[in-house]
Amino acid sequence: MNPDTIITRFAPSPTGFLHAGNYRTAIFAYLCAKRSPRGIFILRIEDTDKERSKKEYEDNIIETLAWLGITPDQTFRQSEHSGRHRELLEKLIAEGHAYRSAETPTEENRRSEVIRFRNPNIPVTFTDVIRGPITMDTTDLGDFVIARSIDEPVFHFAVVVDDADEGISHVIRGEDHISNTPRQILIQRALGVPTPVYAHLPLVFGPDRTKLSKRRGAKALTEYRDLGYLPEALINYLALLGWHPENNQELFSLEELLRVFNLSRIQKSSGIFDETKLLWYNAEHLKRLSSEAFEAVLRDYLQREGSSVPEYLEKIIPLLQERSTTLKEAADALGNGEFSFFREAPITPELLIKGAKTDAETAKRHLVHLETLLIDIPESAWDAGFLKEQLFGYADQEGRGVVLWPLRTALSGKEKSPDPFTLLALLGKQESLARIGKAITALV
RNA sequence: GGCCCUAUCGUCUAAUGGUUAGGACAGCGCCCUCUCACGGCGUAAAUCGGGGUUCGAAUCCCCGUAGGGUCACCA
C-alpha cells in the first residue's frame with residue numbers, strides 16, 4: 001500500500017436523519033481521502049444499536065450522499081463484521097485485556113454479565129491534526145464496558161476493529177469524539193493494531209448557537225434538495241464552513257475543492273450554519289450553470305415536485321436563471337408568480353397608470369402611438385434589441401416612465417416584471433398587440 | 001462538578017511578532033433603471049478581559065471570563 005494513500009470513512013449510525021453538520025464531516029473525509037493518490041473513502045453504517053437503527057435512515061444517508069456526489073468506494077454495515085468482533089473479543093479475554101464481569105441488573109441495564117476492558121489506568125496522548133497534542137488520563141474511565149455480550153460489541157470496540165480491518169489511515173469525525181479517543185487507543189494497543197491519524201472537526205451549531213438538531217429546526221439535507229438547492233451549493237458552503245483556502249476564492253466545484261483542500265487549514269472553533277449565506281452560494285451556482293444545464297435541473301425539479309412544465313419554459317429560461325436563487329423560486333415564478341404573465345395579463349386602468357404618474361388619457365395616447373409603431377415592425381425583426389431601438393427614442397422624448405410603465409403593465413399585468421422589450425419579444429407580435437389593444441380599451 | 005476543546009466585524013473567515021486588522025454573506029447608502037431582479041460603487045462593523053515576554057503582540061506564555069464537548073450495557 002502506498003504510504004501516501006489515505007483511507008477515510010464516514011461512519012454514521014442510522015438512528016435518525018443526518019443534518020448538515022454530519023454531511024460536512026462526510027465531505028471533509030471524502031476530500032481528504034480523494035486528494036491522495038488512489039485514496040479510498042468508505043461509508044460504514046454503524047448499526048450496532050439494533051433497537052434504534054432503521055433502514056429508512058440508512059437509505060436516506062445513502063441517497064443524500066449520492067445526491068451530493070460524495071460517492072463511497074465501499075459501503076459496509078457494521079453488523080456484517082460481527083464474526084470478527086467476536087473473534088477479537090475472545091482474543092482480548094484470552095489475553096487478559098478484557099474479562100467477563102458480573103453485574104447487578106438495574107432498571108436500564110438488564111444484563112447480569114458484560115465484557116469489560118482491563119484499564120491500565122495511564123495517561124494517553126495523541127496528536128490531533130487540527131488541535132495538536134491532547135493528553136487525557138484514562139484512570140477515571142475505570143474498566144469500561146466494551147461489549148454487552150460476546151456477540152454484542154459496544155461502539156468503542158467495534159469502531160476500533162473495523163477501522164483497523166478496513167485500513168483506515170485517517171479518522172475524521174466530530175469534536176464530540178475527542179474524549180472517546182483515549183479509550184479507543186487503549187483498545188488499539190491491547191489489540192496490537194496501529195493508531196490512525198485523528199482529525200476532530202469543530203462542531204456546527206444552529207443560529208441559536210446550540211448544537212444542530214432536528215428538534216431545533218435543523219433540516220435533513222434532503223429537505224434542501226426539495227427546497228430547490230443544488231448539491232454543488234451545499235458542498236461549497238459546507239466545505240467553507242470551517243475550512244478556508246489560501247486565497248480568497250469563495251466559489252468552488254467539487255473538482256476544484258479536490259485540488260486545493262487541505263486538512264491543515266481547518267478551523268479549530270465551531271461555526272454557525274447560516275442559511276442566508278447558503279442561499280447566496282445557491283444563487284451563484286445557479287448562475288454558473290449553462291442555460292441548458294439550468295433547464296435540465298429545473299425540469300428535474302419540476303418533475304420531482306409534480307409540477308407541470310409550461311410549454312413556454314424554454315423561452316424564459318434565461319430570465320428564470322438570472323432571477324432565481326433556488327429552483328423552488330423558479331418553479332413558483334413559473335406557477336403563479338412573476339412569470340404568470342405568459343398565460344394572462346389581468347389589467348386594470350389603475351395599474352396601467354400607477355407607476356407612470358400620469359392620467360388615463362395620456363397613458364392611452366402613448367399606447368396608441370406605440371401600437372402604430374409596432375404594427376409596422378415585421379415579425380422577422382421582432383426581437384428585444386430591435387424593438388428597443390424602435391421604441392426607445394419615443395419613450396425618451398416623451399418621458400420614459402409615462403410611456404414605458406403603461407406598456408409594460410399592459411403586457412404583463414404586473415407591477416413587477418421584466419422590461420417591456422423583453423416582454424414584447426417573448427409574447428410575440430400578435431399577442432403583444434392584442435394586449436396593448438385591450439389596455440387601450442380599458443383606459444377609455 | 002471532573003476532564004477536554006475553543007475564543008478576530010452580526011455570520012463565515014484572512015493576517016502564523018511589524019498591515020490604515022483584509023475579503024465574503026447579511027445590513028445600510030448611492031448609481032444603473034418605467035417596475036422588479038441582475039450588476040456596479042461606497043459605507044458601517046471585530047482582535048473577550050487582565051497580566052506578562054518583546055523595541056514591537058490579534059499572533060507566544062499565564063490567570064480569569066464566556067461558549068462548547070464529554071463523563072452509558074447510544075453512536
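Here is the naming used below: chain letters follow the sequence lines, and residue numbers restart at 1 for every chain. Note that these values count all heavy atoms, side chains included, but never hydrogens, waters or copies made by symmetry.
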- Message: Please list, in numerical order, the residues of residues 175-184 of chain A that have a heavy atom closer than 4.0 Å to any atom of RNA chain B.
- Response: A/E175, A/D176, A/H177, A/I178, A/S179, A/N180
- Task: Just call it for A/G174: base, sugar-phosphate, or nothing, with non-hydrogen atoms closer than 4.0 Å on any strand.
- Result: nothing
- Message: Would you measure the distance from the C1' atom in B/A44 across to the matching atom in B/C30 and give it in whole Å?
- Response: 15 Å
- When you measure from the side chain of A/R52 to the backbone N and O of A/T15, does any donor-acceptor pair fall under 3.5 Å? no
- Taking atom P in both B/G1 and B/G64, compute the distance separating them and give it to the nearest angstrom. 13 Å
- Message: Between A/E361 and A/K364, does any side-chain N to carboxylate O distance fall below 4.0 Å?
- Response: no
- Take atom C1' in B/G49 and the same atom in B/U43, then report the distance between them in whole Å. 30 Å
- Select base, sugar-phosphate, or nothing to describe what A/S412 touches, counting heavy atoms under 4.0 Å on all strands. nothing
- Query: Would you call the rings of A/H85 and A/H81 parallel, tilted or perpendicular, where under 30° means parallel and over 60° means perpendicular?
  - Reply: perpendicular
- Task: For A/K287, answer base if it contacts any base atom (sugar-phosphate contacts may also be present), sugar-phosphate if it contacts only those atoms, and nothing otherwise; contact means non-hydrogen atoms under 4.0 Å.
- Result: sugar-phosphate
For nucleotides 8-11 of chain B, which of its nitrogen or oxygen atoms have a protein nitrogen or oxygen under 3.5 Å away, and what is each distance?
from	atom 1	to	atom 2	distance (Å)
B/U11	OP1	A/R209	NH2	2.2

- With both distances under 3.5 Å as the test, what is the Watson-Crick or G-U wobble partner of B/G1? B/C71
- Message: If you assign each of A/A11 and A/G355 to its closest nucleotide in RNA chain B, which residue comes earlier from the 5' end?
- Response: A/G355
- Message: Could you tell me if A/R183 sits above the aromatic ring of A/F117, with its cationic atom closer than 6.0 Å to the ring centre and no more than 45 degrees from the axis?
- Response: no
- Message: Can you check the distance between B/U8 and B/A15, where both ends of the measurement are the C1' atom (answer in whole Å)?
- Response: 10 Å
- Message: Suppose we define a pair by two distances each less than 3.5 Å, Watson-Crick or G-U wobble; what does B/U47 pair with here?
- Response: none
- Gap in Å between the two C1' atoms, one belonging to B/A75 and one to B/C60, rounded: 39 Å
- Can you check the A/L423 CG to B/C36 P distance for me, whole Å? 15 Å
- Find the distance A/I266:CD1 to B/U6:P and express it as a whole number of Å. 14 Å
- Task: Look at all strands and tell whether A/R111 reaches a base, only sugar-phosphate, or nothing, counting heavy atoms closer than 4.0 Å.
- Result: base
- Query: Can you tell me the Watson-Crick or wobble partner of B/U6, both distances under 3.5 angstrom?
  - Reply: B/A66
- Got a donor-acceptor contact below 3.5 angstrom from the A/W405 side chain to the A/L351 backbone? yes
- Message: Taking 4.0 Å as the cut-off, does a side-chain nitrogen or oxygen of A/R400 come that near to OP1 or OP2 on B/U33?
- Response: yes
- With a non-hydrogen cut-off below 4.0 angstrom, is A/D128 in contact with a base, only sugar-phosphate, or nothing? nothing
- Just call it for A/F205: base, sugar-phosphate, or nothing, with non-hydrogen atoms closer than 4.0 Å on any strand. sugar-phosphate
- Note on the structure: B/A58 -> Watson-Crick or G-U wobble partner, both distances under 3.5 Å, gives none
- Message: Only pairs with both distances under 3.5 Å count, Watson-Crick or wobble alike; so what is the partner of B/U19 in this structure?
- Response: none
- Task: Not counting sequence neighbours, list each pair that qualifies as a side chain to side chain donor-acceptor pair (under 3.5 Å) and has a residue in residues 229-243 of chain A.
- Result: A/N236-A/H285
- Within the structure shown, what part of the strands sits under 4.0 Å from A/E322 by heavy-atom distance: base, sugar-phosphate, or nothing? base
- Message: I'd like the P distance from B/C48 over to B/A72, given in whole Å.
- Response: 34 Å
- Indicate yes or no: does A/E87 engage A/R84 in a salt bridge with an N to O separation below 4.0 Å. yes
- Query: Between B/A14 and B/U53, how far is it from one P atom to the other, in whole Å?
  - Reply: 30 Å
- Note on the structure: Ranking A/V402 and A/R131 by the position along RNA chain B of their nearest nucleotide, the one closer to 5' is A/R131
- Can we say A/R435 and A/E431 salt-bridge, meaning some charged N sits less than 4.0 Å from an Asp/Glu carboxylate O? yes
- Nearest of B/U6, B/U35, B/C5 to any side-chain atom of A/I134? B/C5
- Side-chain ion pair, A/K50 and A/E152, N-O less than 4.0 Å: no
- What interatomic distance, in whole Å, is found between P of B/U11 and the corresponding atom of B/U47? 12 Å
- Determine the interplanar angle of the A/Y23 and A/F10 rings, folded into 0 to 90°, and report it as parallel if under 30°, tilted if 30 to 60°, perpendicular if over 60°. tilted
- Item | Residues from residues 243-258 of chain A lying under 4.0 Å of RNA chain B - heavy atoms | A/H244, A/N248, A/E250
- Item | A/R265 side-chain N/O to B/U16 phosphate OP1/OP2 under 4.0 Å | no
- Query: Between atom NE2 in A/H85 and atom P in B/A75, what is the gap in whole Å?
  - Reply: 11 Å
- Euclidean distance, atom CD of residue A/E284 to atom P of B/C38 [Å, nearest integer]: 10 Å
- Message: Does the structure show a Watson-Crick or G-U wobble partner for B/U33, both distances under 3.5 Å? Name it, or say none.
- Response: none
- Task: Mind checking A/L203 for me? I need base, sugar-phosphate or nothing, with any heavy atom below 4.0 Å counting as a touch.
- Result: sugar-phosphate
- Message: Can you measure A/E329 atom CD to B/C38 atom C1' for me and round it to whole angstrom units?
- Response: 13 Å
- Message: Less than 4.0 angstrom from a charged side-chain N to a carboxylate O is my criterion; do A/R9 and A/E46 meet it?
- Response: no
- Query: At under 4.0 Å between heavy atoms, what does A/R408 touch on the DNA or RNA strands: base, sugar-phosphate, or nothing?
  - Reply: base
- Under the ring-ring contact (aromatic ring centres under 6.0 Å, His included) rule, what pairs show up with a residue in residues 145-170 of chain A, not counting sequence neighbours? A/F155-A/H177
- Query: Does A/T48 place a side-chain N or O at less than 4.0 Å from the phosphate oxygens OP1/OP2 of B/A75?
  - Reply: yes
- Note on the structure: Between CZ of A/F117 and C1' of B/C73 the distance, given in whole Å, is 17 Å
- Note on the structure: Expected list for residues 150-161 of chain A near RNA chain B, using heavy atoms below 4.0 Å, is A/V154, A/F155, A/H156
- Item | Integer-rounded Å distance: B/C32 P and A/D419 CG | 17 Å
- Task: Measure from NZ or CZ of A/K54 to the centre of the six-membered ring of A/Y57 and say whether it is under 6.0 Å with the direction within 45° of the ring axis.
- Result: no
- Query: Taking a pair as Watson-Crick or G-U wobble with both distances under 3.5 Å, which nucleotide is matched to B/G42?
  - Reply: B/C28
- Task: Have a look at A/T15 and say if it touches a base, only the backbone sugar-phosphate, or nothing, with a 4.0 Å heavy-atom cut-off.
- Result: nothing
- Message: Just the rounded figure in Å: distance from P of B/C3 to CZ of A/F144.
- Response: 20 Å
